[in-house]
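Inspection log for the structure reproduced underneath, given as structure tokens.
Positions are given from 1 along the sequence. Scope of the values below: all heavy atoms of this structure, side chains included, with no hydrogens, waters or symmetry mates.
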Amino acid sequence: MSEKSCGHRHDERKKLYRRIFWLVIAIFVIIGLVILLVWAILQPKKPTFILQDATVNALSLSGSNFLSSNIEVTISAKNPNERIGIYYEKLDIYASYRNQQITLATELPRSYQGHKDITIWSPFLYANSVPVSPYLAAALGQDLNAGAVLVNIKVDGILKWKVGSWISGKYRINVNCPAYMTFGNRFHGIADGEGIKYQFVQSCSVEVAPS
């Protein structure tokens with residue numbers, strides 16, 4: 001076999017590999033464009049959260065700066081999408097005061113929301129003699145004496161979108177629900193056993209971004 005013939009076959013093989021390579025690239029590009037097109041047409045909407053109520057069984061300071069609390073909250077989430085499901089991979093809920101976490105995080109059950117579905121959780125949020133900063137203790141003491149405290153119920157976690165059999169990558173979700181509670185002469189709650197129940201039924205702010 002001549003060198004010219006061998007060189008010709010080598011060139012033909014290189015052309016074939018090159019065609020296969022570009023064919024594979026084209027297939028991936030087409031698949032990506034189809035996914036983007038479907039995503040744009042469906043226009044996924046972030047879930048909506050509502051803080052329905054909160055029952056305060058304990059919220060007090062002891063010593064110089066030790067906080068104890070026991071709060072049961074009812075919070076609901078709705079999937080507003082008609083063609084997109086939502087997987088809640090991990091959700092942690094906790095109470096915050098002046099941008100500082102004041103209870104331990106409680107993990108909510110992993111769940112899937114179908115189209116237009118609503119999920120309701122009623123977790124307890126605890127703190128048992130948790131040390132807080134002197135500034136935070138002083139501010140909370142003043143608010144308790146004044147009879148009005150603004151506590152934020154927050155949910156942080158991970159979700160995924162589901163379209164047909166396709167499931168997206170992870171997205172981070174951050175939810176903030178303000179809960180304004182009054183005591184003493186300004187009291188507007190309802191006695192519930194040893195606690196005080198506050199009805200809110202108010203929307204929460206929701207942020208969703210790629211993880």
Going by side-chain hydrogen bond (donor to acceptor under 3.5 Å, both in side chains), name the residues that satisfy it together with [X], two or more places apart in sequence or in a different chain.
X	value
Ser211	none
Asn128	none
Gln52	Ser76
Asp117	none

Linked, directly or transitively: [X] and [Y] (ILVMFWY side chains, under 4.5 Å):
X	Y	result
Tyr87	Val163	no
Met181	Ile75	yes
Leu136	Val149	yes
Ile71	Phe200	yes
Leu67	Leu144	yes

Can Leu125 and Ile153 be said to form a side-chain contact (heavy atoms from CB on, under 4.5 Å), step by step?
CA-CA 10 Å; Leu125 310 180; Ile153 307 301; 4.0 Å; yes

Residue pairs involving residues 85-178 (criterion disulfide bond (SG atoms under 2.5 Å apart); sequence neighbours excluded)
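Listed by first then second residue: Cys177-Cys204.
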
Take Tyr171 and Ile158 through the test side-chain contact (heavy atoms from CB on, under 4.5 Å) and record every step on the way to the result.
CA-CA 6 Å; Tyr171 282 71; Ile158 298 293; over 6 Å; no

Closest heavy-atom contact between [X] and [Y]?
X	Y	result
Ser129	Phe66	O-CD2, 3.5 Å
Asn152	Pro178	ND2-CA, 3.7 Å
Ala127	Thr103	CB-CA, 4.0 Å
Leu108	Pro123	CD2-CG, 3.8 Å
Ala105	Gln101	N-NE2, 3.7 Å

Distance check, rounded to the nearest 0.5 Å: [X] atom [atom1] versus [Y] atom [atom2]?
X	Y	atom1	atom2	value
Arg18	Ile20	CZ	CD1	11.5 Å
Leu159	Arg172	CG	CZ	10.0 Å
Lys197	Asn57	NZ	CG	11.0 Å
Lys160	Ile86	NZ	CD1	14.0 Å

List, by chain and number, the other hydrophobic cluster members for Tyr126, where Ile, Leu, Val, Met, Phe, Trp and Tyr join if side-chain heavy atoms come within less than 4.5 Å, directly or indirectly.
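Tyr126 shares its hydrophobic cluster with Phe124.
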
Under the side chain to side chain donor-acceptor pair (under 3.5 Å) definition, can you give me all pairs with a residue in residues 105-116, not counting sequence neighbours?
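Of all non-adjacent pairs touching residues 105-116, those that pass side chain to side chain donor-acceptor pair (under 3.5 Å) are Tyr88-Gln113, Glu89-Arg110, Gln113-Thr119.
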
4.5 Å side-chain heavy-atom contact, Asn65 and Ser133:
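A side-chain contact under 4.5 Å is absent here.
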
Considering residues at least two apart in sequence or located in another chain, which fulfil the side-chain contact (heavy atoms from CB on, under 4.5 Å) criterion with Ser60?
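Expected list: Ser68.
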
Test side-chain contact (heavy atoms from CB on, under 4.5 Å) applied to Lys46 - qualifying residues, sequence neighbours left out
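Here the qualifying residues are Val206, Val208.
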
side-chain contact (heavy atoms from CB on, under 4.5 Å) evaluation trace for Ile173 with Val155
CA-CA 8 Å; Ile173 180 171; Val155 181; 5.9 Å; no

Step by step, work out the side-chain contact (heavy atoms from CB on, under 4.5 Å) result for Gln199 and Thr74.
CA-CA 10 Å; Gln199 299 282 357; Thr74 302; over 6 Å; no

For Asp156, salt bridge (charged side-chain N to carboxylate O under 4.0 Å, His left out) partners two or more places apart
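Partners of Asp156 under the salt bridge (charged side-chain N to carboxylate O under 4.0 Å, His left out) test: none.
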
Is the backbone of [Y] close enough, under 3.5 Å, to the side chain of [X] for a donor and an acceptor to pair up by distance?
X	Y	value
Tyr97	Ala139	yes
Asn81	Lys45	yes
Asn79	Gly114	yes
Thr55	Gly195	no

Pairs in or reaching into residues 50-69: which pass salt bridge (charged side-chain N to carboxylate O under 4.0 Å, His left out), with residues at least two apart or in two chains?
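Non-adjacent pairs meeting salt bridge (charged side-chain N to carboxylate O under 4.0 Å, His left out): zero.
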
Selection residues 137-147 - residue pairs positive for salt bridge (charged side-chain N to carboxylate O under 4.0 Å, His left out), sequence neighbours left out:
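Those involving residues 137-147 are Arg98-Asp143.
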
